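Values in this document were obtained by computation on a predicted structure and should not be read as measured data. The first residue in the sequence is number 1, and the count goes up from there. Reckoned from all heavy atoms, side chains included, excluding hydrogens, waters and symmetry mates.
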Amino acid sequence: MKRYLTIGYGAAAYLLFLAVFLYLVGFVGGIVVPRTVDHGLSAPIGVAILVNVALLAVFGVQHSVMARPGFKRWWTRFVPESIERSTYVWLSNAVLLLLYWQWRTMPAVIWHVELPAGRLAVWVLFGLGWVMALTATFLINHFDLFGLRQVYLASRGKPYTDIDFHVRLLYRLVRHPLMLGFLIAFWSAPTMTAGHLLFAAGMTTYILIAVHFEERDLVAALGDQYRDYRREVPMLLPRPRGGAPKAAGQH
């Protein structure tokens, strides 16, 4: 029974993540979904700013703090290691759902691309950003990242093992293609409202802080292997370079 509960817990967290991720695409792009970054709840501008900043802060704190090794060591005193990552996914889903539900509209237009060709180009970038982010998860280990590998191994009575450290495709260009994909998607708006700008700026701040701590954790875990990779490959902005790195980080 415990085996099936563990698998069910992880699978449910993952399925909800898929729904939350698809909603995020619609939320940022204003596509199909009822609540978007441009059309949330009505509120005076001062209240809207305060609420939206608080929602972004909750997202950033939850994602950053729970991802740290020190927190994981403390957290697994109460939560079994086999479902630690799935629990992280559950809580991440909850935080994003709260953000979708409580986001306040800030309708002032910051920029608007009028030319059809220009709008199409921005939408192409928007799509490429999401494709890059999703692809990056598979280039490391998509199912490990979202807790499915952990619950599967536990259900088979096998110990968890870390993913090997390898270079694959996008990780030869930048060390954090997942985050770069999100940045491209968040900022690619043919019509940028004040609410969208606040969302993009808040998420950018979170990403810059998160990669700083992640890099520190990777150096602590992998030592010179990651230091060499960091010297050869830029963090977020690709640059021309010679040769190929010998290793890529687990993100």
Side-chain angles (χ1 to χ4, degrees), residues 16-67 91-134 136 174 176-214 235-237:
L16 181 58
F17 154 75
L18 292 178
V20 169
F21 179 82
L22 288 174
Y23 198 103
L24 181 61
V25 177
F27 180 80
V28 177
I31 305 167
V32 179
V33 299
R35 294 276 180 87
T36 74
V37 73
D38 296 327
H39 298 94
L41 298 174
S42 298
I45 187 62
V47 173
I49 292 172
L50 289 175
V51 171
N52 292 346
V53 168
L55 291 169
L56 290 167
V58 170
F59 171 88
V61 169
Q62 183 268 323
H63 273 66
S64 291
V65 172
M66 291 194 70
L91 292 174
S92 298
N93 289 335
V95 168
L96 279 171
L97 289 171
L98 175 66
L99 187 147
Y100 303 154
W101 175 40
Q102 289 297 315
W103 188 261
R104 266 48 174 184
T105 303
M106 298 171 60
V109 175
I110 307 302
W111 73 65
H112 176 74
V113 179
E114 294 187 1
L115 290 176
R119 294 184 70 82
L120 177 61
V122 175
W123 280 119
V124 168
L125 279 175
F126 177 81
L128 287 175
W130 292 110
V131 170
M132 176 182 288
L134 187 59
V174 293
H176 301 276
L178 172 62
M179 296 305 190
L180 177 59
F182 282 134
L183 289 174
I184 292 171
F186 294 156
W187 286 98
S188 296
T191 300
M192 177 66 78
T193 64
H196 194 148
L197 180 64
L198 178 62
F199 178 87
M203 286 297 189
T204 300
T205 301
Y206 153 70
I207 286 170
L208 294 177
I209 294 172
V211 296
H212 168 76
F213 285 108
E214 184 176 5
M235 179 183 288
L236 290 168
L237 297 178

Engineer: Going by heavy atoms in the side chains, are Val122 and Ser188 under 4.5 Å from each other?
Structural biologist: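 Val122 vs Ser188: side chains touch.
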Engineer: Got Leu180 and Ile184 here, is their nearest side-chain heavy-atom distance under 4.5 Å?
Structural biologist: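 With C-beta onward as the side chain, the pair touches.
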Engineer: What's the spacing between Met106 CE and Leu198 CG if we round to 0.5 Å?
Structural biologist: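 Between Met106 CE and Leu198 CG, I get 5.0 Å after rounding to 0.5 Å.
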Engineer: If you look only at distance, which donor and acceptor atoms sit under 3.5 Å apart when one is on a side chain in residues 39-55 and the other is two or more places apart or in another chain?
Structural biologist:
unit_1: Asn52; atom_1: OD1; unit_2: Arg104; atom_2: N; d: 2.9
unit_1: Asn52; atom_1: ND2; unit_2: Ala48; atom_2: O; d: 3.2
unit_1: Asn52; atom_1: ND2; unit_2: Arg104; atom_2: O; d: 3.0

Engineer: Quick one: are Thr204 and Phe186 in side-chain contact, heavy atoms under 4.5 Å?
Structural biologist: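 No, every pair of side-chain atoms sits at 4.5 Å or beyond.
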Engineer: Could you tell me which non-hydrogen atom of Tyr206 sits nearest to which non-hydrogen atom of Ser64, and how far apart they are?
Structural biologist: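 Tyr206 and Ser64 have their closest heavy atoms at CE1-OG, 3.3 Å.
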Engineer: To check you understand the geometry: which heavy-atom pair defines the closest contact between Ala189 and His196, and what is its length?
Structural biologist: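 In this case the closest contact between Ala189 and His196 is CB-CE1, 3.5 Å.
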Engineer: Tell me, please, which residues at least two apart from Phe21 pass side chain to side chain contact (heavy atoms under 4.5 Å, CB included).
Structural biologist: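 Counting only residues at least two positions away or on another chain, Phe21 forms a side chain to side chain contact (heavy atoms under 4.5 Å, CB included) with Phe17, Val25, Trp130, Phe182.
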Engineer: Atom CG of Leu96 and atom CD of Gln62: how far apart are they, to the nearest 0.5 Å?
Structural biologist: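 Result: 8.0 Å between the selected atoms.
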Engineer: Would you give the length of the straight line joining atom CG of Asn93 to atom CG of Leu98, rounded to the nearest 0.5 angstrom?
Structural biologist: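 If we round to the nearest 0.5 Å, Asn93:CG and Leu98:CG are 12.5 Å apart.
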Engineer: Is any side-chain heavy atom of Leu99 less than 4.5 Å from a side-chain heavy atom of Val58?
Structural biologist: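 They are not in side-chain contact.
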Engineer: So which atom in Tyr100 and which in Arg35 form the shortest heavy-atom distance, rounded to 0.1 Å?
Structural biologist: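 Minimum heavy-atom separation between Tyr100 and Arg35: O-CB, 3.7 Å.
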Engineer: With heavy-atom distances below 4.5 Å as the criterion, would you say the side chains of Tyr23 and Leu97 are in contact?
Structural biologist: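 No, every pair of side-chain atoms sits at 4.5 Å or beyond.
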Engineer: Could you check Met179 against Met132 for side chain to side chain contact (heavy atoms under 4.5 Å, CB included), going step by step and ending with a plain yes or no?
Structural biologist: CA-CA 9 Å; Met179 296 305 190; Met132 176 182 288; over 6 Å; no
Engineer: Would Leu120 and Val124 count as a side chain to side chain contact (heavy atoms under 4.5 Å, CB included) here? Give the steps.
Structural biologist: CA-CA 6 Å; Leu120 177 61; Val124 168; 4.3 Å; yes
Engineer: Considering non-hydrogen atoms only, spot the tightest contact between Val174 and Met235 and give its length.
Structural biologist: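 Closest heavy-atom pair between Val174 and Met235: CB-O, 3.6 Å.
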Engineer: With side chains defined as the heavy atoms from C-beta onward, is the minimum distance between Val113 and Met192 less than 4.5 Å?
Structural biologist: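 No - every pair of side-chain heavy atoms lies 4.5 Å or more apart.
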Engineer: Nearest 0.5 Å, please: how far is CG in Asp38 from OG1 in Thr191?
Structural biologist: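 Spacing of OG1 (Thr191) from CG (Asp38) equals 8.0 Å.
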Engineer: Taking the side chain as every heavy atom from C-beta outward, state whether Leu208 and Leu236 have any pair of such atoms under 4.5 Å apart.
Structural biologist: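 Of all side-chain heavy-atom pairs linking Leu236 with Leu208, at least one is under 4.5 Å.
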Engineer: May I ask you to test the Met203-Trp187 pair for a side-chain heavy-atom distance under 4.5 Å?
Structural biologist: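 Result no, sub-4.5 Å side-chain heavy-atom pair not found.
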